[in-house]
Amino acid sequence: DGGITQSPKYLFRKEGQNVTLSCEQNLNHDAMYWYRQDPGQGLRLIYYSQIVNDFQKGDIAEGYSVSREKKESFPLTVTSAQKNPTAFYLCASSRDRDLSTDTQYFGPGTRLTVL
Amino acid sequence: QKEVEQDPGPLSVPEGAIVSLNCTYSNSAFQYFMWYRQYSRKGPELLMYTYSSGNKEDGRFTAQVDKSSKYISLFIRDSQPSDSATYLCAMSGTQGAQKLVFGQGTRLTINP
């Protein structure tokens, strides 16, 4: 079964702690993305990667970090520097590196709550 | 002003009704237009994908793009309770690696 998996589905952390969200895809897609979704604000791009060992900041990268050591994996770390980390985090991937012409497919999401 | 505007709703209609969902945008460089459906606590799934202006039909769903007015629509015919979800429009341009820009999403409920 091809697809994108995110784990865990729900995550609770204390304020000031770093936390890493997992994203794995077995679609052999080149590009991967992380979005944050808040009520009434749609999806906002955090980071994206078009190829292994390379990634770029999106619109709201402050307080987040990523790595892309393997084609199938794109973990996101929410650091203590992120002022308001409680949100629904979505990982996506697309086949080609041209973000404008290839469709993005989403994982099931991770809901992070910082207490 | 946001690049993409979408009425967040909520929108509630009876089963069988025709539903119209809309987005407006300001960036004339947008060429690719998408509609995603998102059920509660799930990731969005691609519903429709269109390039430039015109209509595209897939079963009960029709996507329309009017680039002259910077306006896109999604029509759902014979709406079903299973269509109850949040619908997100998204769009992108053609130059290099531009990212997708999403609307805020419209929450739709189809009442049996």
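So you know, we letter chains A, B, ... as the sequences are listed, proteins then strands, and number each from 1. Scope of the values below: all heavy atoms of this structure, side chains included, with no hydrogens, waters or symmetry mates.
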(request) Taking all non-hydrogen atoms of both residues into account, name the closest pair between B:Gln38 and A:Phe88 and its distance. (result) NE2-CE2, 3.7 Å
(message) Counting heavy-atom pairs closer than 4.5 Å to chain A, which one of B:Arg41, B:Met91, B:Glu45, B:Gln6 comes out on top?
(response) B:Arg41
(request) With rounding to the nearest 0.5 Å, note down the distance linking OH in A:Tyr35 to CG in B:Leu100. (result) 4.5 Å
(message) I'd like to know if B:Leu46 and A:Leu90 are part of one continuous hydrophobic network [Ile/Leu/Val/Met/Phe/Trp/Tyr, side-chain heavy atoms within less than 4.5 Å].
(response) yes
(message) Tell me if the CZ atom of B:Arg37 is crowded by more than 12 foreign heavy atoms within 6.0 Å.
(response) yes
(message) Show me the pairs that pass salt bridge (Lys or Arg N to Asp or Glu O under 4.0 Å) and involve residues 42-62 of chain A, at least two apart or across chains.
(response) A:Asp38-A:Arg44, A:Asp59-B:Lys99
(request) Flag yes if A:Tyr105 and A:Ile46 sit in one hydrophobic cluster, no otherwise; membership is Ile, Leu, Val, Met, Phe, Trp, Tyr, and two members link when side-chain heavy atoms are under 4.5 Å apart. (result) no
(request) Using non-hydrogen atoms and a 4.5 Å limit, figure out which bit of A:Gln37 sits close to chain B: side chain, backbone, both or neither. (result) side chain
(request) To the nearest 0.5 Å, tell me how far B:Phe102 CZ sits from A:Leu45 CG. (result) 9.0 Å
(request) Could you tell me which non-hydrogen atom of B:Pro44 sits nearest to which non-hydrogen atom of A:Leu43, and how far apart they are? (result) CG-CD2, 4.4 Å
(request) Please check if atom NZ in B:Lys67 has more than 12 non-hydrogen atoms from other residues, nucleotides or ligands closer than 6.0 Å. (result) yes
(request) Would you mind checking which part of A:Tyr10 comes under 4.5 Å of any heavy atom in chain B, side chain (CB onward), backbone (N, CA, C, O), both or neither? (result) side chain
(request) Treat each ILVMFWY residue as a node, draw an edge where side-chain heavy atoms are under 4.5 Å apart, and state whether A:Tyr89 and A:Tyr48 are in one component. (result) no
